[in-house]
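Working notes, structure below.
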Amino acid sequence: MEQSLGSDSGPADKSRVLNVKPLRCLVPIFPSPPNFSPFSSGQSAPFVCANPSGPFPSGFAPFYPFFSPTDSQRPPEQNSQTPFGVHNQPGSFGFNNPIPGAVPITSFRTPPPPPPPGVAPNGDTGPSRQNYRTHTTGIQSQSQSEEADDDEYSETPNQNAQYLSSFSMHVTDAERTSKAQRSKSKPQKRGRKGQEVNFSSPEVDVELIVSNILNSCNLMAFDTFRRADGDKESVGYILMVYDLLRRRITQIEDGKEATPGVTRRPDLRSGTILMNKGIRTNIKKRIGVVPGVEVGDIFFFRMEMCLVGLHAPCMAGIDYMGLKISQEEEPVAVSIVSSGGYEDNVEDGDVLIYSGQGGNIYRKDKQISDQKLERGNLALEKSLHRGNEVRVVRGLRDVVNPTGKVYVYDGLYKIQESWVEKGKAGCNVFKYKLVRLPGQPEAFTTWKSIQQWKEGLSSRAGVILPDLTSGAENLPVSLVNDVDDEKGPAYFTYFPSLRYSKPVNLTEPSFSCNCQGGCLPGNSNCSCIKKNGGYIPYNVAGVLVNNKSLIHECGPSCPCPINCRNRISQAGLKVRLEVFKTKDKGWGLRSWDPIRAGAFICEYAGEVINDCKMEELGSESEDDYIFDATRTYQPLGVLPGDSNKARQIPFPLIISAKNVGNVARFMNHSCSPNVFWQPVLRESNSESFLHIAFFAIRHIPPMTELTYDYGIIQSGKADERKKRCLCGSLKCRGHFY
DNA sequence: CTCCTTCAGGGGTAT
DNA sequence: ACCCCTGAAGGAGAG
């Protein structure tokens, strides 16, 4: 935000570039060949130019992402096959309407942000938790103090009673769990003296967090989801809880001194905890489809696949089970993970040459040997003859976080043949050729296409603009339509941040931090960390740890650089986005890159609407690009810190992105969203700026539409603004505002 | 009940 | 980018 224009000089001075780029207000008129890109060559194409303020070319209509509420023109049924299928817009383009005119888009580089409206103290009500059980088995006094330490879940004191009652139960659980673990773990194998003692206090800490997360999450789901056979809801729930727990443990570990020799594995710890608590599903191994897991689903840790029953071993690549045939039992393979541990051949998207296991290929301290036909190798061999389906998971480098991996569930394959090869070290290696079954949704092939688009090896079909921000963002955002002939949304000015019309002063002075090189976890002197309850709200990957009533980011007067870990929502886009034409909801937003749960996506840019403008808006009422934090928002039911009551924010913020906005204005509503918003406060000494930042609720595979819940209006205006919802979710409310 | 195996993943270190 | 180290779950095998 404070990267002022001046500091941005040099070759990367985009503001200057923008001003001389005439194309920004020109959009080509088709027809054009599928791969035609107006900016890729010097060839001239017919252009039409629209004045930003109108009048628009004939046939042009301002863009509305959703149904107009006007009753005279009822929208068609969701699956109607109406020509163009886009009657959801007031100026929709049926046969009588010619193709819409060109839509110019201008953009600006963020100037220093003007100051914001008044800031009330954080009006957090905290979660209103159900008191669902009251076993009172020995509350340890120590637990109470730990409780107080555990910031964000207990922001208001009146919850403590409830906390303690539910906590007591979980302490018992914790004790049981750790006993189980202790008896289970090999006691004498590694003589790690003293470490038990070291671990005991964090252990309590973690148990507390588990219980808090479970409390905050939907308990009905917890009690009723089926462990034997999952469904989409239980799988989603488990993954959500797992990731929340993992992020929280990571946050706590980050703040601690590193103990040499001890590897911190929040992924394993949180996985073990959930395993022991039975928060898992599809426990029994099975051949073929795993209920609740869909082709294309992504995972960021092996543990996640264990918990939902997609692939049981937490390290091994081949999962297999015994299958009874008459009297005898023989092993058959059920799933494999291909992620570069061996020399697999992954050239073709639908064919995989997979290496067998064993032979000590991966271990430096042991002699490399021939692989044997046993365990996984035997199972794969049997599966070849039985012809059973084998699930395939492909592991890839994570683009956003290059040290990590993404696992893509690529659906069912069958083994076609097997053979033995001499490996690099001269020893025998088994090879299995797997071929993907036809008729499944695309998964891995989509990833390959995206990679090719990025490398310029092939071009994305239907691209209208390679970058609709004209360089205003740090990453390009394509404008794509591969469903019909519409050439773009209505005119607006691209601007990557929020515009405040008048400054707002804080009632209490706020102190900026003094962290020159960036705020670091565990620094108890950092005032910005203090404001967040003692933790940086983001972990090292820039992922939000949990839902809070308010995040305090570093502000203009903090000396830390823009890449400070407490400036995530200011540092620009992290994933490659595209604005695309949906089948039935106008334009939408999606990502080329996978997005992990909690990752920052973008902020809601636009113009802050102050009170007097609100009045105008009432009469105008046709602004479909409103973000209104004062609406009622149903709790997502899964995020800790998320109240069962309406969420509240520090002060009523309403943003209009009708004329000025960023990618967020294209995000459609859904009653089962995959994105949520979060108020973020950036303060300087006397002023504060409230922003709205969007984060992923769960892992989002590439090319999945990004949606959030627009909230509910309860005022008299509600009926006027009501629009029919097409989110298609089972929990769809039928309309939105 | 232990041992054994295993296409992880973090942290440290040398480029 | 390597190198090293600890790791968790479930199969395999011993008692």
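Reminder, nothing fancy here: chain letters follow the sequence lines and each chain counts from 1.
- Atom pair A/Asp267:CG and C/dT6:C1' shows a separation of 12 Å (rounding to whole Å applied).
- In this structure, of B/dC7, C/dG10, C/dA8, it is C/dG10 that holds the atom nearest to the side chain of A/Arg280.
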Watson-Crick and G-U pairing of DNA chain C, under 3.5 Å, as dot-bracket with | and [ ]: ||||||.||||||..
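- Atom-to-atom, CZ of A/Arg265 to P of B/dT6 comes out at 18 Å; the value is rounded to the nearest Å.
- With distances taken from any side-chain atom of A/Val337 to the nucleotides B/dG9, C/dA9, B/dA8, the minimum falls on B/dA8.
- A/Glu455 CD: more than 12 foreign heavy atoms inside a 6.0 Å radius.
- In this structure, of B/dA8, C/dG11, B/dG9, it is B/dA8 that holds the atom nearest to the side chain of A/Ser339.
- In this structure, of C/dA12, C/dG7, B/dG9, it is C/dA12 that holds the atom nearest to the side chain of A/Tyr320.
- Distances were taken from every side-chain heavy atom of A/Lys285 (C-beta onward) to each of B/dG9, C/dG11, C/dA9; the shortest belongs to C/dG11.
- Comparing atom distances between the A/Ala312 side chain and each of C/dG10, B/dA8, B/dT5 picks out C/dG10 as nearest.
- The distance between atom CE of A/Met303 and atom C1' of B/dT6, rounded to the nearest whole Å, is 13 Å.
- Considering only the side chain of A/Asp344, B/dC7 comes nearest among C/dG7, B/dC7, B/dA8.
- The side chain of A/Tyr342 sits closest to B/dC7 out of B/dA8, C/dA8, B/dC7.
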